[in-house]
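What follows is a short report on a single structure.
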Amino acid sequence: MSGAPGAGPGAAHRYLPTHASDSHIKQDMSRYNVKETEAKWQAAWERAGCFTVEDAPDSDRPKYYVLEMFPYPSGRIHMGHVRNYTIGDVIARYKRARGFNVLHPMGWDAFGLPAENAARSKGVHPGDWTYQNIAAMRDQLKGMGLAIDWSREIATCHPEYYRHEQKMFLDLLRDGLAYRKESWVNWDPVDQTVLANEQVIDGRGWRSGATVEQRKLAQWCFRITAFAEELLAGLDGLDRWPEKVRLMQSNWIGRSEGARVLFPLNGQPAGLAPGAQDRLEVFTTRPDTLFGAAFCALSPNHPLSGALAAESPEIAAFIAECNKMGTSEAAIETADKKGVLTPVTASHPFVEGLELPVYVANFVLMEYGSGAIFGCPAHDQRDLDFARKYGLEVRPVVLPPGADAGSFEIGAEAYLGPGTAYNSEFLDGLEVAAAKRAAIARLEEQGAGAGTVQYRLRDWGVSRQRYWGCPIPVVHCPSCGIVPVPEAELPVTLPRDIDVSAAGNALERHPSWKHVDCPACGVAAQRETDTFDTFVESSWYFARFCSPRAEGAMTRQAVDYWLPVDQYIGGIEHAVLHLLYSRFFVRALKRGGYLDLEEPFAGLFTQGMVCHETYQGPDGAWLSPEQVERGPDGALVTADGRPVTVGRSEKMSKSKNNTVDPARIIETYGADTARWFMLSDSPPDRDLEWTAAGVEGAYRFVQRVWRQVTESVETLPPPGPAPADGAGSELRRAAHKTIQAVTEDIERFRFNRAVARIYELSNAISGATANTARARAGDGAGAELRECLEILVRLIGPMMPHLAEELWQRLGREGMLVDQPWPEADPSLTIEDSVTLAVQVNGKLRGTIDLPRDAAEDAAERAALAEPGVQRAMAGKPPRKIIVVKNRIVNVVV
RNA sequence: GCCCCUGUGGCGGAAUUGGUAGACGCGACAGACUCAAAAUCUGUUGUCCGCAAGGACGUGCUGGUUCGAGUCCGGCCAGGGGUACCA
């Protein structure tokens with residue numbers, strides 16, 4: 001057996017059993033043998049096929065699809081996984097006990113950059129590395145005792161998975177939902193690769209250290225913006241999603257109404273396509289402030305900026321500087337607002353003869369609107385900052401309610417509030433909304449613009465210049481252009497013989513892979529060497545799980561039966577991208593005839609992160625929790641006695657070295673302990689702080705429940721039906737109230753409360769058995785104790801399934817607990833007929849009174865006024881008012 | 001910068017959704033058992049004043065609404081997540 005943890009000094013911070021205490025434990029037969037028991041029941045569930053379901057069952061049980069976000073196979077499970085899969089498993093087991101036909105599958109998000117990084121640093125093939133990791137992690141997950149249908153396991157890097165994705169891409173291409181677009185990327189000139197914003201540190205590539213350039217690259221895009229309105233409207237129906245996630249998605253889509261305005265240009269450079277830049281198109285949400293316009297500004301990536309740069313070294317230098325900033329929104333928004341004046345001017349559409357200066361400015365995004373703005377300093381903060389810096393006019397054109405037109409001035413802050421237009425000719429006197437409408441009407445009349453709806457959402461760029469991803473199935477032909485790979489030739493598989501050590505994309509450099517004949521005309525052509533963003537795989541895996549071995553991507557019967565996912569569970573970090581992409585992809589698949597569904601996830605739960613204290617040694621190096629122990633004086637020290645600085649609790653990460661390996665915890669304490677600790681204390685949507693002491697506490701409870709049942713079982717009457725008598729002792733009432741509370745808590749994802757209620761029941765059982773030795777004697781009290789112990793065991797079933805299963809058996813029950821229905825509370829035992837009311841005087845608590853449930857108001861008043869504490873506080877003053885809230889509170893106002 | 005979330009004892013958290021703040025767990029302290037320790041069991045444990053009875057204060061800060069605010073509203077402060085090629 002594994003050494004049970006001791007609690008001697010040091011153990012609390014070592015996560016290892018104190019071997020000194022092993023010997024006595026080995027002799028102590030009353031201890032629960034965690035390791036043996038957990039293995040025994042995992043094998044029993046597997047043998048019985050408890051969690052295996054059919055693709056399209058003919059069942060009268062209602063279906064329930066529980067899904068946790070599938071893991072990236074990094075090699076070992078981490079605590080975030082343990083938390084995620086524990087939560088999902090509680091739901092899966094609970095719903096199963098409630099009579100649902102539960103689908104609970106598992107798979108691997110197996111493409112991605114870490115495999116290539118590992119290949120580079122360790123010399124392993126990305127595929128081998130990935131499959132080895134999958135094997136290791138599968139074992140670890142199985143050790144958690146999850147109620148998963150392992151026969152449905154999938155890995156996205158397997159051609160049997162991604163060939164369907166390639167087919168889907170061809171359908172998207174056919175349906176006009178996939179297209180090619182030029183876009184700007186971070187380019188590392190040394191590694192010859194595109195970098196994510198997070199890989200650009202101070203303008204340099206994370207690995208090469210080279211200065212990052214902005215490059216324009218032709219990339220495959222999915223037309224998610226075609227669904228912008230639908231994805232926004234669909235959020236309303238997702239009533240089992242957290243409000244905050246819906247809000248984040250809504251903000252991400254960023255619908256705004258406004259106008260496109262065309263400013264005639266003067267003095268534009270030569271070299272532009274004729275007529276292409278006669279007029280500058282800008283987007284604005286504030287057409288009502290057009291009369292306050294002081295300038296126009298172009299994105300550094302705007303075509304006109306490029307043309308101007310060709311003639312002006314100053315502009316070219318400015319653009320080069322902007323490009324160093326990177327492409328991240330945060331970098332652009334937090335940078336100092338800067339610009340450079342161009343020789344071009346823009347004519348105001350409403351004011352004859354007014355020429356506005358045109359700048360190239362670092363805060364204008366090419367990706368949003370038309371890549372150009374007009375600036376109204378008085379009513380936009382960025383424009384104001386810019387105007388102050390370059391000495392431009394600040395002319396207010398919206399007068400706040402009650403302000404005086406003669407004296408209203410703009411100081412350091414732009415005025416963004418409501419008001420009426422002034423200094424604005426034909427708009428004068430109109431409220432903001434009316435002024436917007438009037439301005440748009442005039443623009444349309446003059447042919448100088450139009451009302452429009454703009455989204456912040458951009459199309460989804462799916463091209464990645466990587467090897468370890470799903471190949472994009474097209475061929476570039478010198479005569480035909482882009483030619484889809486014929487369906488019969490799918491899948492386009494990755495070559496195995498690649499060289500990952502050199503810079504650039506291994507697919508691009510492969511000697512033969514990309515050279516093919518054009519499927520259309522037969523001339524020598526080249527395969528697309530980009531692979532998909534891994535978010536593409538995760539946008540449909542939940543559908544594949546419904547019929548994972550189907551010849552096609554999915555069968556209609558299976559997806560019609562199982563989808564949508566009833567409960568999806570994962571980290572909040574996926575609140576926008578993964579979830580929005582999946583919502584889009586399902587709509588695209590619907591167009592392609594794959595399924596008939598809009599929303600993939602009917603219910604969503606976002607869990608918090610797992611955190612741990614951070615430790616640093618005297619040299620500042622981050623120490624892992626295993627390197628830290630408690631010294632003789634109680635302070636934390638390293639194994640060789642050096643002092644340790646304890647830092648704030650932070651998300652477990654390799655960089656802070658504050659991770660705790662779940663495998664070690666499960667090895668030492670068992671899966672049930674790890675699961676129980678994950679569920680206790682912290683609400684699942686909040687961050688959880690992992691502590692050694694907390695694990696010890698969870699482990700103590702495992703042992704305690706074990707003793708509670710096994711020590712009583714000899715004296716209990718044999719298994720039978722529950723006592724029929726509706727009346728019952730305090731203990732019996734407590735047990736039935738616990739059923740009710742735990743059921744409600746699980747339904748509402750309040751596992752920490754459920755855990756607290758189970759502790760209470762366990763405490764109540766201890767108290768009762770200690771008080772009444774008679775309970776063992778075999779009369780009615782014995783049957784009652786049996787009922788309460790069985791309730792305890794059944795309630796912990798979804799949370800600590802191994803322990804519960806073992807105790808169910810030891811209680812002499814036939815069959816496995818996993819096949820038992822969820823316990824039902826007897827309503828006659830859960831309602832008390834007496835209640836305690838708080839009594840306040842002027843809102844301060846002065847006593848409590850016990851009254852029959854639903855007692856009349858005047859009875860409550862009389863009882864309250866008779867309380868000695870109440871009379872003392874009233875000090876002889878007559879009550880002015882008495883508020884009575886039935887069964888709750890009486891407040892006497894004097 | 002922008003969007004979103006969080007803030008309650010020594011610690012994790014609970015509070016019937018506007019009605020007894022601190023359930024339950026951890027830690028600490030005291031006691032029982034033991035030759036001793038571990039394990040286990042019992043009790044105490046928000047702060048301050050008081051021998052006690054009892055009282056005052058108390059949910060990041062600040063102002064408000066209310067008979068009554070941890071909960072609702074305004075303004076701030078601090079920490080975290082996302083910010084489009086990490087997954």
Side-chain angles (χ1 to χ4, degrees), chain A residues 4 6-8 12 18 20-21 24-25 28 30-31 69 71-72 74 109 112-114 185-186 193-199 219 242-245 247-248 250-252 254 327-335 363 367 381-382 457-458 460-466 533-535 538 571-578 580 608-609 611 648 650-651 680-683 685-689 691 693-694 696-698 700-701 703-704 707 750 752-753 755-760 763 766 770 836-840 842-848 869 872 880-883 885 887-893:
Chain A
T18 42
S21 58
H24 79 270
I25 289 165
D28 182 355
S30 70
R31 280 257 170 172
M69 291 179 182
Y72 179 79
S74 56
D109 189 13
L113 207 45
V185 295
N186 300 308
T193 186
V194 178
L195 298 178
N197 285 322
E198 73 156 19
Q199 295 168 333
Q219 310 243 54
E243 186 56 39
K244 63 176 173 182
V245 175
L247 238 172
M248 284 164 84
S250 169
N251 289 333
W252 188 261
T327 56
S328 91
E329 188 186 295
I332 290 166
E333 291 279 336
T334 50
F363 60 90
E367 288 80 16
Q381 192 60 45
R382 281 180 312 191
L457 182 69
R458 308 200 298 254
W460 172 17
V462 294
S463 284
R464 298 292 181 271
Q465 294 68 41
R466 313 275 184 227
D533 177 3
T534 57
F535 274 129
S538 57
I572 184 69
E573 67 274 17
H574 292 294
V576 178
L577 294 183
H578 162 57
L580 193 62
M609 301 178 305
C611 301
R648 222 189 42 237
E650 291 186 61
K651 178 183 178 174
S680 51
D681 290 355
S682 295
D685 53 341
R686 271 206 242 163
D687 288 354
L688 174 142
E689 184 167 348
T691 61
E696 296 276 350
R700 273 202 296 276
F701 186 67
Q703 297 294 347
R704 179 181 148 96
R707 278 197 311 274
R750 303 202 292 197
N752 56 321
R753 268 172 48 122
V755 164
R757 303 315 291 261
I758 290 170
Y759 274 118
E760 280 174 330
N763 290 342
S766 289
T836 304
L837 282 78
V839 184
Q840 300 179 332
N842 288 341
K844 290 199 177 193
L845 183 73
R846 297 299 175 183
T848 58
R872 201 166 37 235
R880 281 200 291 137
K881 193 175 174 186
I882 302 179
I883 291 130
V885 181
N887 299 331
R888 284 278 152 78
I889 201 165
V890 179
N891 189 8
V892 182
V893 186

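Numbered from 1 within each chain, the chains take letters A, B, ... in sequence-line order.
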Inset, instruction - Test for a donor-acceptor pair under 3.5 Å between the base of B:rC85 and the side chain of A:Gln219, counting only N and O atoms. - result: yes
Inset, instruction - Could you please name the option among B:rU83, B:rA14, B:rC85 that lies closest to any side-chain atom of A:Val185? - result: B:rC85
Legend entry - Separation between the P atoms of B:rG70 and B:rU20, rounded to whole Å: 10 Å
Inset, instruction - Please check the phosphate of B:rU20 (OP1 and OP2 only) for any side-chain N or O of A:Arg846 closer than 4.0 Å. - result: no
Legend entry - Listed nucleotide nearest any side-chain atom of A:Glu198, set B:rA14, B:rC4, B:rC86: B:rC86
Legend entry - side-chain N/O A:Arg753 vs B:rU16 OP1/OP2, d < 4.0 Å: no
Inset, instruction - Looking only at side-chain atoms of A:Lys244, point me to the closest of B:rG55, B:rC5, B:rG25. - result: B:rC5
Legend entry - Of the listed nucleotides B:rA15, B:rG82, B:rC85, the one nearest the side chain of A:Arg466: B:rC85
Legend entry - Selection from B:rA23, B:rC85, B:rA87 that lies nearest to any side-chain heavy atom of A:Ala756: B:rA23
Legend entry - Pairwise P distance, B:rC73 and B:rC4 [rounded to whole Å]: 14 Å
Inset, instruction - Decide, for B:rU47, between syn and anti: a glycosidic angle within 90° of 0 counts as syn, anything else as anti. - result: anti
Legend entry - Nearest-nucleotide pick for A:Thr334, side chain only, options being B:rG1, B:rG19, B:rG25: B:rG1
Inset, instruction - Could you tell me whether the side chain of A:Gln465 has a donor or acceptor atom within less than 3.5 Å of a complementary atom in the base of B:rC85? - result: yes
Legend entry - N or O in side chain of A:Thr534 less than 4.0 angstrom from B:rA87 OP1/OP2: yes
Inset, instruction - Determine: side-chain N/O of A:Arg686 to OP1/OP2 of B:rU8, distance under 4.0 Å, yes or no. - result: no
Inset, instruction - Compare side-chain N and O positions of A:Lys844 against OP1 and OP2 of B:rC57 and report whether any pair is under 4.0 Å apart. - result: yes
Inset, instruction - Take A:Ile572 and A:Val245, measure what side-chain contact (heavy atoms from CB on, under 4.5 Å) needs, and give me the verdict at the end. - result: CA-CA 8 Å; A:Ile572 184 69; A:Val245 175; 3.9 Å; yes
Inset, instruction - Indicate whether any N or O donor in one side chain lies under 3.5 Å from an N or O acceptor in the other, for A:Arg880 and A:Asn842. - result: no
Inset, instruction - May I ask you to evaluate whether A:Asn752 reaches the phosphate of B:rA14, defined as a side-chain N or O under 4.0 Å from OP1 or OP2? - result: yes
Inset, instruction - Name the closest nucleotide to the A:Ile889 side chain, picking from B:rG81, B:rG19, B:rA23. - result: B:rG19
Inset, instruction - Compare the minimum distances between each of B:rG27, B:rG81, B:rC4 and the side chain of A:Ala693, then state the nucleotide with the smallest one. - result: B:rG27
Inset, instruction - Using a cut-off of strictly less than 4.0 Å, decide whether A:Arg700 has a side-chain nitrogen or oxygen near OP1 or OP2 of B:rG27. - result: yes
Inset, instruction - Just call it for A:Ser463: base, sugar-phosphate, or nothing, with non-hydrogen atoms closer than 4.0 Å on any strand. - result: base
Inset, instruction - For A:Tyr72 and A:Gly112, work out which heavy atoms get closest and say how close. - result: OH-O, 3.9 Å
Legend entry - Among B:rU40, B:rU16, B:rA15, the nucleotide that comes nearest once only the side chain of A:Arg888 is considered: B:rU16
Legend entry - Check: A:Asp687 side chain, A:Met609 main-chain N or O, donor-acceptor pair, under 3.5 Å: yes
Inset, instruction - Give the nucleotide from the list B:rA87, B:rC86, B:rU20 with an atom nearest to the side chain of A:Ala196. - result: B:rC86
Legend entry - Glycosidic class, syn or anti, of B:rG43 using a 90° window around 0: anti
Inset, instruction - Give one of base, sugar-phosphate or nothing for A:Lys651, where a contact means two heavy atoms less than 4.0 Å apart. - result: nothing
Legend entry - A:Arg464 side chain near B:rC85 phosphate (N/O to OP1/OP2, under 4.0 Å): yes
Legend entry - Test item: A:Asn891 side-chain N/O and A:Ile883 main-chain N/O as donor-acceptor pair under 3.5 Å: no
Inset, instruction - Assess whether one donor atom and one acceptor atom, taken from the side chain of A:Glu329 and the base of B:rG1, lie less than 3.5 Å apart. - result: yes
Inset, instruction - Looking at every strand, decide which applies to A:Trp460 at a 4.0 Å heavy-atom threshold: base, sugar-phosphate, or nothing. - result: nothing
Legend entry - B:rC26 versus B:rC77 - spacing of their C1' atoms, nearest Å: 30 Å
Inset, instruction - Report which part of the nucleic acid A:His578 touches: base, sugar-phosphate, or nothing (heavy-atom distance under 4.0 Å, all strands). - result: nothing
Inset, instruction - With RNA chain B as reference, determine whether A:Arg872 or A:Val839 sits nearer its 5' end, using the nearest nucleotide of each. - result: A:Val839
Inset, instruction - Identify whether any heavy atom of A:Thr848 sits under 4.0 Å from a base atom; if not, whether one sits that close to sugar-phosphate; answer base, sugar-phosphate or nothing. - result: base
Inset, instruction - Give a yes/no on whether any side-chain N or O of A:Arg757 is located under 4.0 angstrom from OP1 or OP2 of B:rA14. - result: no
Inset, instruction - May I ask you to evaluate whether A:Asn197 reaches the phosphate of B:rA84, defined as a side-chain N or O under 4.0 Å from OP1 or OP2? - result: yes
Inset, instruction - Mark up nucleotides 65-79 of chain B, 5' to 3', with B wherever a protein heavy atom is under 4.0 angstrom from a base atom, S wherever such an atom reaches only the sugar-phosphate, and - elsewhere. - result: --BS----------S
